[in-house]
Amino acid sequence: MTTPARRYFGTDGIRGTANKAPMDAATALRLGQAAGRYFNRGAHRHRVVIGKDTRLSGYMLEPALTAGFIGAGMDVVLVGPLPTPAIALLTRSLRADLGVMISASHNLYQDNGIKLFGPDGLKLSDAQEAAIEGLMDGDLECGLVAPAKLGRASRMEDAPGRYIEAAKASFPRGLTLETLRIVIDCAHGAAYKVAPTVLWELGAEVVPVGVSPDGFNINDGVGSTAPGRLAEIVRERRADLGIALDGDADRLVLVDEKGSIIDGDQILALIAGFWHKQERLRGGNVVATVMSNMGLERYLRERGLGLLRTAVGDRYVGERMRETGCNLGGEQSGHMIMSDFGTTGDGLIAALQVLAVLVEEQRAASEVCRRFRPLPQKLVNIRYAGASPLQQEAVQREIAAHEERLGERGRVLIRASGTEPVIRVMAEAEDEALVEETVAALAEVIRSRAKVAA
């Protein structure tokens with residue numbers, strides 16, 4: 001069955017350029033009214049938790065959403081800048097009906113987004129998002145409550161402290177970070193206060209980076225998408241580890257003491273191996289996406305473990321984990337879901353799991369974090385305007401030809417981004433020259449068939 005095209009929601013909530021539809025105040029108001037109506041079930045007093053990152057546009061979207069929810073009869077709890085996993089946590093612990101995170105994750109300040117969590121702290125399913133879209137496009141007036149039933153808004157001052165304690169509790173009891181010097185890059189984003197605090201309270205010497213948000217500098221030359229400066233600082237300060245979070249802190253990239261970058265696949269391998277040895281890994285598998293390196297798959301297979309692949313998006317990883325009883329999953333980009341500790345990706349808690357291994361094994365990050373040899377892999381992004389060229393017969397023929405050529409020696413993955421008009425062209429194989437040749441050929445064909453964006 002073909003999934004109908006959606007007007008608002010993509011692979012990770014709603015996202016777009018700030019102050020332009022669908023990321024404008026008018027749409028945010030309608031979303032609040034529609035989601036409020038959808039989750040306003042039963043006679044109890046309904047509640048929604050709203051958090052955000054540090055973008056200037058958050059000050060526009062937050063009150064618009066608040067007005068929509070209040071009009072639908074929901075009380076609103078505002079917690080200010082906090083990581084996405086903190087909002088999922090608070091939604092459950094406060095017994096809220098809904099959680100909202102205002103963030104465009106790793107994008108620059110010009111963009112913003114809105115992610116929704118159900119009362120269980122899980123991201124909404126496709127069906128739930130489709131139902132809310134249907135309400136947004138319908139008559140919302142019938143869902144507005146009488147004046148006596150309007151919701152109220154309040155601010156929760158101790159929300160950061162709740163997340164800080166939850167993050168600290170994920171670190172093994174009896175261990176300490178007292179011997180470690182850690183550089184933490186918060187991308188001028190949502191974790192700029194809580195992440196350095198957690199590391200310091202666990203005993204580390206903390207070197208904070210990207211902790212001076214001004215509304216415009218989120219992810220700008222800092223964070224998990226730009227770890228170059230972090231690597232320099234790690235070497236300069238002779239730190240034991242560098243941690244780079246993204247704007248909403250639901251993913252991370254690590255840097256070892258030599259300044260080398262450690263991606264999500266290596267982090268997954270490290271945590272999986274460590275948990276498996278401690279008999280903490282459940283389900284006999286690790287869940288990852290189609291983007292994960294085949295080297296990770298081989299590493300797990302050698303230990304009697306499997307790799308279950310999903311479509312790109314931590315929401316799909318989480319869904320597969322719940323279906324299969326697995327407690328570890330993630331993405332090459334650094335989203336790590338550990339269901340023992342939370343319901344969505346959490347960059348800080350994932351970093352704490354790696355730090356626990358460093359402390360336990362008393363070895364350098366460069367030795368501990370290189371768990372497998374990745375196969376050569378290349379990814380090229382092709383921006384386009386208008387219709388996607390992927391459905392054109394000539395493009396499909398070319399993709400099929402290269403898949404047949406690689407056979408079991410490697411693989412080709414071509415997909416359209418769910419958050420921007422970009423086609424991602426990836427190839428992977430033992431032979432690096434073959435990878436380069438494959439990506440170049442496919443990219444050329446797709447560009448020739450696409451209306452390339454200026």
Do [X] and [Y] come within less than 4.5 Å of each other through their side chains, counting heavy atoms only?
X	Y	answer
Asp263	Val253	no
Met136	Leu31	yes
Glu257	Leu241	no
Ser154	Val76	no
Glu201	Val198	no
Val100	Lys115	no
Arg315	Glu129	yes
Met291	Gln377	no

Problem - Those residues that, when tested against His46, pass ring pair (Phe, Tyr, Trp, His ring centres under 6.0 Å) (two or more places apart) - result: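 Checked His46 against ring pair (Phe, Tyr, Trp, His ring centres under 6.0 Å); matches are His44.
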Handout entry: Set of residues satisfying ring pair (Phe, Tyr, Trp, His ring centres under 6.0 Å) with respect to Tyr109, sequence neighbours excluded
Key =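 Checked Tyr109 against ring pair (Phe, Tyr, Trp, His ring centres under 6.0 Å); matches are Phe216.
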How about [atom1] on [X], more than 12 heavy atoms from neighbouring residues, nucleotides or ligands closer than 6.0 Å, or not?
X	atom1	result
Lys193	NZ	no
Arg41	CZ	yes
Arg152	CZ	no
Arg30	CZ	yes
Arg237	CZ	no

Tell me the closest heavy-atom pair linking [X] and [Y], and the distance in Å.
X	Y	result
Leu29	Gly68	CD1-N, 3.5 Å
Met338	Asp346	CE-O, 3.8 Å
Ala35	Leu116	CB-CD1, 4.4 Å
Leu122	Arg322	CD2-NH1, 3.2 Å
Cys369	Leu270	SG-CD2, 4.0 Å
Gly210	Asp185	CA-OD1, 4.0 Å

Problem - Test side-chain contact (heavy atoms from CB on, under 4.5 Å) applied to Gln110 - qualifying residues, sequence neighbours left out - result: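 Only Leu108 meet the side-chain contact (heavy atoms from CB on, under 4.5 Å) criterion with Gln110.
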Run the salt-bridge test on [X] and [Y] with the 4.0 Å N-O cut-off and return the result as yes or no.
X	Y	answer
Lys123	Asp12	yes
Arg55	Asp53	yes
Glu444	Arg449	no
Arg92	Asp120	no

Problem - Partners meeting salt bridge (charged side-chain N to carboxylate O under 4.0 Å, His left out) with Glu323 (sequence neighbours left out) - result: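 Applying salt bridge (charged side-chain N to carboxylate O under 4.0 Å, His left out) to Glu323 gives none.
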Practice task
Kindly write out the residues that satisfy salt bridge (charged side-chain N to carboxylate O under 4.0 Å, His left out) with Asp137, not counting sequence neighbours, or none if the list is empty.
Solution key: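 Arg7.
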Using residues 224-234 as the side-chain source, report each donor-acceptor pair under 3.5 Å to any protein atom, sequence neighbours left out, with the distance given to one decimal.
residue: Arg229; atom: NH1; partner: Glu232; partner atom: OE1; Å: 2.8

Kindly list each side-chain donor-acceptor pair under 3.5 angstrom involving residues 77-87, sequence neighbours excluded, with atom names and distances?
residue: Thr84; atom: OG1; partner: Asp248; partner atom: OD2; Å: 2.6

[atom2] on [Y] to [atom1] on [X], rounded to 0.5 Å:
X	Y	atom1	atom2	answer
Met60	Ile102	CE	CD1	9.5 Å
Asp97	Phe117	CG	CZ	15.5 Å
Thr438	Glu403	OG1	CD	11.0 Å

So which pairs with a foot in [range] pass ring pair (Phe, Tyr, Trp, His ring centres under 6.0 Å), sequence neighbours left out?
range	answer
residues 310-345	none
residues 16-37	none
residues 57-83	none

Practice task
Evaluate the criterion side-chain contact (heavy atoms from CB on, under 4.5 Å) for residue pair Ile50 and Leu65; output intermediate values, then yes/no.
Solution key: CA-CA 9 Å; Ile50 301 181; Leu65 284 163; 4.2 Å; yes
Problem - Polar side-chain atom of Thr324 near backbone of Arg320 as donor-acceptor pair, under 3.5 Å - result: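 Judged by distance alone, yes, a pair lies under 3.5 Å.
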Practice task
Any pair with a residue in residues 202-220 that passes salt bridge (charged side-chain N to carboxylate O under 4.0 Å, His left out), sequence neighbours left out, goes on the list, sorted by first then second residue, please.
Solution key: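 Every pair satisfying salt bridge (charged side-chain N to carboxylate O under 4.0 Å, His left out) with a residue in residues 202-220: Arg181-Glu205.
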Practice task
Test salt bridge (Lys or Arg N to Asp or Glu O under 4.0 Å) on Asp75 and Arg45 and set out the steps.
Solution key: CA-CA 8 Å; Asp75 290 337; Arg45 191 76 186 177; 3.0 Å; yes
If you measure only the distance, is there a donor-acceptor pair under 3.5 Å linking the side chains of [X] and [Y]?
X	Y	answer
Asn293	Gln332	no
Asp246	Ser105	yes
Arg251	Ser333	yes

Exercise for the section: For Arg309, enumerate each residue passing the side chain to side chain donor-acceptor pair (under 3.5 Å) test, keeping only those at least two apart in sequence or located in another chain. Expected result: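 Side chain to side chain donor-acceptor pair (under 3.5 Å) check on Arg309 returns Glu297.
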